[in-house]
Amino acid sequence: SSVFAGLAQAPEDPILGVTVAYNKDPSPVKVNLGVGAYRTEEGKPLVLNVVRRAEQMLINNPSRVKEYLPITGLADFNKLSAKLIFGADSPAIQENRVATVQCLSGTGSLRVGGEFLARHYHERTIYIPQPTWGNHPKVFTLAGLTVRSYRYYDPATRGLDFQGLLEDLGSAPSGAIVLLHACAHNPTGVDPTLDQWEQIRQLMRSKALLPFFDSAYQGFASGSLDQDAQSVRMFVADGGELLMAQSYAKNMGLYGERVGALSIVCGSADVAVRVESQLKLVIRPMYSNPPIHGASIVATILKDSAMFNEWTVELKGMADRIISMRQQLFDALKTRETPGDWSHIIKQIGMFTFTGLNSDQVAFMRQEYHIYMTSDGRISMAGLSGRTIPHLADAIHAAVT
Ligand SMILES: Cc1ncc(COP(=O)(O)O)c(CN[C@@H](CCC(=O)O)C(=O)O)c1O
């Protein structure tokens with residue numbers, strides 16, 4: 001007998017569970033378009049050359065040890081991560097108003113930020129986009145926040161529901177927390193224009209809504225690290241406060257190293273010092289201190305201008321390959337004269353295409369064509385190649401005719 005005999009079987013994760021199902025499928029034509037992880041044209045995971053070089057340098061360094069990091073993580077990594085997202089010339093950094101802690105990738109950064117807010121911020125409600133990354137509601141609920149949604153995506157236009165967004169944020173209680181995807185919105189691939197970002201910023205500041213940015217794809221959307229950080233930098237430039245979760249999973253290919261950072265831009269240096277001290281009290285009983293290897297790789301690359309440049313070239317290569325998959329899929333559907341308007345495939349940006357296919361069509365494509373994607377119709381473009389695009393186009397064509 002077992003004390004856990006009555007335990008129910010938990011369901012598979014809506015995103016990570018797609019890979020579990022894919023791995024069980026013996027079909028030679030199966031394609032995994034579920035998890036947002038980059039694959040090469042040959043369909044293989046990619047370890048960036050610059051990452052391998054950085055790792056080699058670390059391994060060859062005889063004085064390198066495996067001691068505990070401080071609770072806040074690797075100091076170099078934290079400073080360089082803040083510079084990467086806020087910009088080297090950021091006034092907030094110059095004025096020492098940024099508290100940064102290394103966390104367990106993007107998820108860990110969001111969770112630590114959520115727990116910090118639940119303990120120290122007067123408004124416990126966080127507004128998240130509808131739809132958003134499937135893990136967001138669970139992360140913030142378990143952190144102790146009350147999760148509500150704001151309209152974001154318009155299925156009719158397959159674009160931004162900007163009026164709905166403004167209305168929902170306009171009617172949020174003043175001081176409420178608002179989660180914002182910095183770029184490459186997951187799952188829709190739809191981002192506000194810079195002008196729309198400015199309107200969002202003005203509305204939020206006028207109601208003292210607290211921005212919580214999630215940046216999991218910096219450099220992956222446009223291929224430019226600075227361009228993909230423009231939304232964040234507009235908010236920092238106005239001198240206001242915000243939270244910022246960064247992930248190096250995708251843009252540096254460090255998925256399993258769990259490398260990320262949470263930064264809180266504060267009103268003054270004095271507040272930033274106290275914020276960092278309280279963040280340590282959240283982290284210490286959660287995982288005590290973060291892993292050293294991945295953060296050392298990132299710091300090695302970001303601090304050396306030649307390696308940084310090499311990284312930007314490889315990053316642009318990944319972004320460009322995804323953009324070319326968009327064009328090839330769009331062209332393949334046009335060739336087949338597949339019913340419907342598929343221009344959103346080339347308009348959307350970042351890792352994902354929100355196809356508009358419904359869960360029945362997704363199930364049909366899995367059954368008949370061994371195409372694996374999330375039930376909301378999202379496909380990870382990084383999972384495609386010139387070889388698999390015709391197969392996907394055939395499947396979509398069959399699903400909609
Ligand atoms: C918007 C957003 N925030 C945070 C994360 C968390 O990434 P970390 O690995 O913790 O840094 C993801 C990853 N979402 C991808 C990857 C698989 C997953 O974790 O769901 C996805 O949506 O497929 C994301 O898309």
Side-chain angles (χ1 to χ4, degrees), residues 11-22 32-39 45-46 73 77 81 84-85 101-114 126 128-140 142-143 147 152-153 178-191 211-221 228-229 231-232 243-263 286-287 290-291 294-295 297-298 318 322 348-354 372-384:
E12 285 293 354
D13 180 86
I15 295 174
L16 301 178
V18 172
T19 298
V20 173
Y22 168 82
N32 186 5
L33 305 178
V35 67
Y38 184 82
R39 299 294 175 251
L46 177 68
F77 165 84
S81 291
L84 183 72
I85 188 70
V101 287
Q102 179 192 336
C103 292
L104 306 185
S105 214
T107 306
S109 304
L110 293 162
R111 180 64 182 268
V112 167
I126 184 166
I128 66 177
Q130 175 54 38
T132 192
W133 177 47
N135 212 20
H136 276 146
K138 301 165 200 161
V139 165
F140 293 122
L142 288 172
V147 175
Y152 187 84
Y153 179 72
V178 178
L179 181 80
L180 302 164
H181 294 231
C183 72
H185 181 269
N186 174 6
T188 67
V190 171
D191 284 357
F212 194 154
F213 275 98
D214 180 1
S215 173
Y217 301 96
Q218 185 184 3
F220 228 96
D228 289 352
S231 58
V232 176
L243 283 82
M244 175 81 243
Q246 277 174 281
S247 165
Y248 289 93
K250 287 86 178 179
N251 59 12
M252 226 181 246
L254 297 175
Y255 304 90
E257 298 287 357
R258 312 309 294 140
V259 194
L262 171 74
S263 286
M286 192 188 290
Y287 56 83
I297 293 172
V298 172
M318 292 194 282
I322 287 180
Q348 291 171 358
I349 61 173
M351 208 162 212
F352 307 107
T353 286
F354 210 43
Y372 288 81
M373 56 202 281
T374 46
S375 59
D376 59 3
R378 181 193 89 168
I379 53 178
S380 173
M381 300 307 285
L384 286 169

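Both counts, for ligands and for their atoms, begin at 1 and track the order of listing. Bear in mind the structure is a predicted one, so any value in this text is a computation, not a measurement.
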Ligand 1 atoms in contact with Ala216 (distance to a heavy atom under 4.0 Å)
2 (C), 3 (N), 24 (C)
Counting N and O atoms only, with roles assigned by atom type, does the side chain of Arg378 sit under 3.5 Å from a partner on the main chain of Thr353, one being a donor and the other an acceptor?
no
Atom 8 (P) of ligand 1 has as its nearest protein heavy atom Ser105 OG, 3.4 Å
With no hydrogens and no angle check, is any side-chain donor or acceptor of Gln218 less than 3.5 Å from a backbone partner on Asn251?
no
Determine whether a donor-acceptor pair (N or O, by modelled atom type, separation under 3.5 Å) exists between the side chain of Ser109 and the backbone of Ala261.
yes
Name the closest protein heavy atom to atom 13 (C) of ligand 1, giving the residue it belongs to and the distance to 0.1 Å.
Lys250 NZ, 2.6 Å
Has the side chain of Gln246 got a donor or acceptor atom that lies under 3.5 Å from a matching backbone atom of Ser81?
yes
Measure from the side-chain N and O atoms of Glu257 to the backbone N and O of Pro291, and report whether any donor-acceptor pair falls under 3.5 Å.
no
Restricting to non-hydrogen atoms, name the atom on Thr188 and the atom on Tyr152 that form the minimum distance, rounded to 0.1 Å.
OG1-CE2, 3.9 Å
Has Met351 got any heavy atom lying under 4.0 angstrom from an atom of ligand 1?
no
Note: heavy atom closest to atom 17 (C) of ligand 1, options Val35, Thr132, Asn135, Asp214, belongs to Val35
Looking at every heavy atom in both Asn186 and Tyr217, which two are closest together, and how far apart are they?
ND2-OH, 3.9 Å
Considering the heavy atoms of Ala249, write down every atom of ligand 1 situated less than 4.0 Å from one of them.
9 (O), 11 (O)
Mark up the atoms of ligand 1 that fall under 4.0 Å of a heavy atom belonging to Arg258, in ascending order.
8 (P), 9 (O), 10 (O)
Within less than 4.0 angstrom of ligand 1, does Tyr217 place any heavy atom?
yes
Checking heavy atoms under 4.0 Å, the part of Arg111 that sits near ligand 1 is neither
Which atoms of ligand 1 have any heavy atom of Gly106 under 4.0 Å away?
8 (P), 10 (O), 11 (O)
Who's the nearest protein heavy-atom neighbour of atom 23 (O) of ligand 1, and how far?
Gly36 N, 2.7 Å
So is His185 close enough to ligand 1, meaning a heavy atom under 4.0 angstrom away?
no
Hey, can you tell me if Tyr153 and Phe354 have their rings parallel, tilted or perpendicular (30° and 60° cut-offs)?
perpendicular
Could you identify the single nearest non-hydrogen protein atom to atom 18 (C) of ligand 1 and state the distance to 0.1 Å?
Trp133 NE1, 3.7 Å
Residue part near ligand 1, for Thr107, under 4.0 Å between non-hydrogen atoms
both
Donor-acceptor contact below 3.5 Å, side chain His181 vs main chain Pro187:
no
